[in-house]
Colleague: 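The structure that follows is given in the form of structure tokens.
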Protein chains: 2
Amino acid sequence: MLVHMTSAPTWTIAQIADEFGVTHRTVRHYEDLGLLSPERLGTRRIYHRRDRTRLGLILRGRRLGFPLEQIRTIVDLFDAPRGRRAQLEYVLGQIDERRIDLERRLKDAQEALHELGEFERRCRDDLATLEGAQAHVMGRYAARPGRVQR
Amino acid sequence: MLVHMTSAPTWTIAQIADEFGVTHRTVRHYEDLGLLSPERLGTRRIYHRRDRTRLGLILRGRRLGFPLEQIRTIVDLFDAPRGRRAQLEYVLGQIDERRIDLERRLKDAQEALHELGEFERRCRDDLATLEGAQAHVMGRYAARPGRVQR
DNA sequence: GCGTATCTTTACGTTTACGTCAACGTAAAG
DNA sequence: CTTTACGTTGACGTAAACGTAAAGATACGC
């Protein structure tokens, strides 16, 4: 190993799977769906840097909740020829559609984080009240009716 | 209907489903999972404002890609008693976990939008070049090798 | 009070995104 | 040359999130 150090680095399926925190089954599943198409050496799969880039894109799309089929159209978009004008305009249209989705998700996440912050503040207030009361009125809140949790 | 106008407004399953853009089957599925628990009048379901609030939360969680089971723990969190100190600390811990998830999603969405913007810029550049070249070197890009798309 | 529309439960089907064997090939180590 | 570790292709399983179809209950509009 490490013969000349001039050749481009490659990875096996187990290596990229490990690195990205997924199973080899997941990687192969993405290949079945046409999301990845690694080089073959005999039957073995050889992953190059561009495959890693694509896998990164795929997993981010997945974290964002996009279905894999939609993700495929996106990563394909990045690799599309874009030579002809019609193709470019098609791509630009697709970009706009994706952007709308993403902006929706961005807004959702921001709102959720905001509400979470508000909620945390209320909880901390409750906790502070509880602490203050504890010195004088021990168990003041024990009488509160409430469902049993978990 | 509309007897006194003094009573709180209520909705049927079809009404809230329509309003939120989901099917009644989806709403009932959420009930099966304990995400909603509308009042019953005989066998009929009656939805109040709090049910609408919860459904809004659920659907936002869904758009964010959270699994319904996780969503359930979140909406339950908002309704939890929070009386005792241990409960409050548990809730605060949960909030932190959710926040980490949400921040990840937020970052993912921001990065994706950024890359999408970069990509769009490149496409527009290509398009401009194509326009400019068209006057002098017609079909300059036609010789580009590239896979056939769709 | 009768038909039509809406709502109900029950139950099985579908899609997506993988997990989980089974059975076999291959390459390097001892 | 055998062991051991990976890698490969099917094929089937499964969990989540609903869809869909059937068959009966209930309310409304006239």
Side-chain angles (χ1 to χ4, degrees), chain A residues 1-3 10-48 51-52 54-75 101 105 108, chain B residues 1-3 7 10-48 51-52 54-76 101 105 108:
Chain A
M1 217 165 285
L2 203 132
V3 183
T10 61
W11 293 265
T12 76
I13 192 167
Q15 285 168 340
I16 59 160
D18 271 22
E19 189 170 348
F20 283 88
V22 295
T23 68
H24 69 286
R25 182 63 184 83
T26 299
V27 176
R28 283 187 41 242
H29 182 56
Y30 293 163
E31 187 176 340
D32 287 345
L33 297 184
L35 285 143
L36 294 172
S37 39
E39 190 197 341
R40 292 294 182 125
L41 215 160
T43 75
R44 302 295 175 90
R45 293 169 172 86
I46 312 284
Y47 295 87
H48 295 263
D51 297 308
R52 291 164 46 90
R54 288 178 73 103
L55 184 52
L57 280 174
I58 295 162
L59 294 178
R60 193 179 60 194
R62 192 182 69 164
R63 285 195 302 270
L64 286 167
F66 288 102
L68 292 179
E69 272 302 319
Q70 219 173 92
I71 292 175
R72 186 160 65 94
T73 70
I74 301 174
V75 290
D101 251 7
R105 273 161 224 263
D108 279 336
Chain B
M1 213 165 285
L2 203 130
V3 183
S7 55
T10 62
W11 293 264
T12 77
I13 191 166
Q15 285 169 340
I16 59 160
D18 272 22
E19 189 170 348
F20 282 87
V22 295
T23 68
H24 70 285
R25 182 64 184 83
T26 299
V27 175
R28 285 189 37 248
H29 182 56
Y30 294 163
E31 186 177 342
D32 287 345
L33 297 184
L35 286 144
L36 294 172
S37 39
E39 190 196 339
R40 292 293 184 127
L41 216 161
T43 75
R44 300 296 174 94
R45 294 169 172 86
I46 312 284
Y47 295 87
H48 296 263
D51 297 309
R52 292 165 44 90
R54 287 179 74 103
L55 184 51
L57 280 174
I58 294 163
L59 294 179
R60 193 178 61 194
R62 193 181 69 164
R63 285 195 303 271
L64 286 168
F66 288 102
L68 292 178
E69 271 303 318
Q70 220 171 90
I71 292 175
R72 187 159 65 93
T73 72
I74 301 174
V75 290
D76 279 356
D101 255 6
R105 274 160 223 263
D108 279 335

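Please read all numbers here as calculations on a predicted model, not as lab measurements. Below, all heavy atoms of this structure are taken into account, side chains as well, without hydrogens, waters or symmetry copies.
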Colleague: Within the distance-only criterion (no hydrogens, no angle test), does the side chain of B/R54 pair as donor or acceptor with the backbone N or O of B/L35 below 3.5 angstrom?
Modeller: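 Yes, because the side chain of B/R54 sits within donor-acceptor range (under 3.5 Å) of the backbone of B/L35.
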Colleague: Take B/H24 and A/A14, find for each the nucleotide of DNA chain D with the closest heavy atom, and name the residue whose nucleotide sits nearer the 5' end.
Modeller: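 Its nucleotide being nearer the 5' end, the pick is A/A14.
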Colleague: Report yes or no: does B/R105 contribute a side-chain atom to a donor-acceptor pair with the main-chain N or O of A/R63 at less than 3.5 Å?
Modeller: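 Side chain of B/R105 to backbone of A/R63: a pair is present.
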Colleague: Distance check needed: D/dG10 P versus A/H29 NE2, whole Å only.
Modeller: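 So the two atoms are 16 Å apart, to the nearest Å.
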Colleague: In whole angstrom, give the distance that lies between atom CG of B/L35 and atom C1' of D/dA17.
Modeller: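 Nearest whole value for this atom pair: 12 Å.
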Colleague: Taking atom C1' of D/dA16 as reference, at what distance in whole Å does atom CG of A/L68 sit?
Modeller: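 Value for this atom pair: 14 Å.
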Colleague: Identify whether any heavy atom of A/L33 sits under 4.0 Å from a base atom; if not, whether one sits that close to sugar-phosphate; answer base, sugar-phosphate or nothing.
Modeller: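 Answer is nothing: A/L33 stays at 4.0 Å or more from every strand.
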Colleague: Nearest whole angstrom, please: distance from the C1' of D/dC18 to the OH of B/Y30.
Modeller: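 Atom OH in B/Y30 sits about 8 Å away from atom C1' in D/dC18.
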Colleague: Expressed as a whole number of angstroms, how long is the span from A/R44:CZ to D/dT8:P?
Modeller: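 Taking atom P of D/dT8 as the reference, CZ of A/R44 is at 6 Å.
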Colleague: Starting at CZ of B/R62 and ending at C1' of D/dA16, how long is that distance when rounded to a whole Å?
Modeller: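 Spelled out: CZ on B/R62 to C1' on D/dA16 is 13 Å.
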Colleague: Less than 3.5 Å between a donor and an acceptor, one on the side chain of A/R28 and one on the base of D/dT9, is that the case here?
Modeller: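 There is none.
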Colleague: Given side chains that start at C-beta, do those of B/R62 and B/V22 come closer than 4.5 Å, heavy atoms only?
Modeller: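 Yes. Closest side-chain heavy atoms under 4.5 Å.
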Colleague: Rounded to whole Å, how long is the line connecting atom CZ of B/R25 with atom C1' of D/dA16?
Modeller: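 After rounding, the gap between these two atoms is 12 Å.
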Colleague: Salt bridge check, A/R28 against A/E31: does any charged N sit closer than 4.0 Å to a carboxylate O?
Modeller: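 Looking at A/R28 together with A/E31, the answer is no, because their closest N to O distance does not fall below 4.0 Å.
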Colleague: Any donor and acceptor pair, going by atom type alone, linking the side chain of A/Q15 with main-chain N or O of A/T12 inside 3.5 Å?
Modeller: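 Between the backbone of A/T12 and the side chain of A/Q15 there is a qualifying donor-acceptor contact (under 3.5 Å).
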Colleague: Across all strands shown, which nucleotide pairs with C/dA29 by Watson-Crick or G-U wobble geometry, both distances under 3.5 Å?
Modeller: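 Base partner found: D/dT2.
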Colleague: Can you list the steps and then say if A/R45 with A/I16 is a side-chain contact (heavy atoms from CB on, under 4.5 Å)?
Modeller: CA-CA 11 Å; A/R45 293 169 172 86; A/I16 59 160; over 6 Å; no
Colleague: Tell me, please, the opening and closing nucleotides of DNA chain C, 5' to 3', among those with an atom under 4.0 angstrom from a non-hydrogen atom of chain A.
Modeller: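 Counting from the 5' end, contacts occupy C/dA17 to C/dT26.
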Colleague: side-chain contact (heavy atoms from CB on, under 4.5 Å) between B/I71 and B/L33: does it pass, once the steps are laid out?
Modeller: CA-CA 10 Å; B/I71 292 175; B/L33 297 184; over 6 Å; no
Colleague: Please confirm whether the shortest side-chain N or O distance from A/R40 to OP1 or OP2 of D/dT9 is below 4.0 Å.
Modeller: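 For D/dT9, OP1/OP2 do have a side-chain N/O of A/R40 under 4.0 Å.
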Colleague: I need the CG-C1' distance between A/D32 and D/dA11, as an integer number of Å.
Modeller: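 Nearest whole value for this atom pair: 12 Å.
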Colleague: Distance check: side-chain N/O of B/T43 vs OP1/OP2 of D/dT26, anything under 4.0 Å?
Modeller: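 For D/dT26, OP1/OP2 do not have a side-chain N/O of B/T43 under 4.0 Å.
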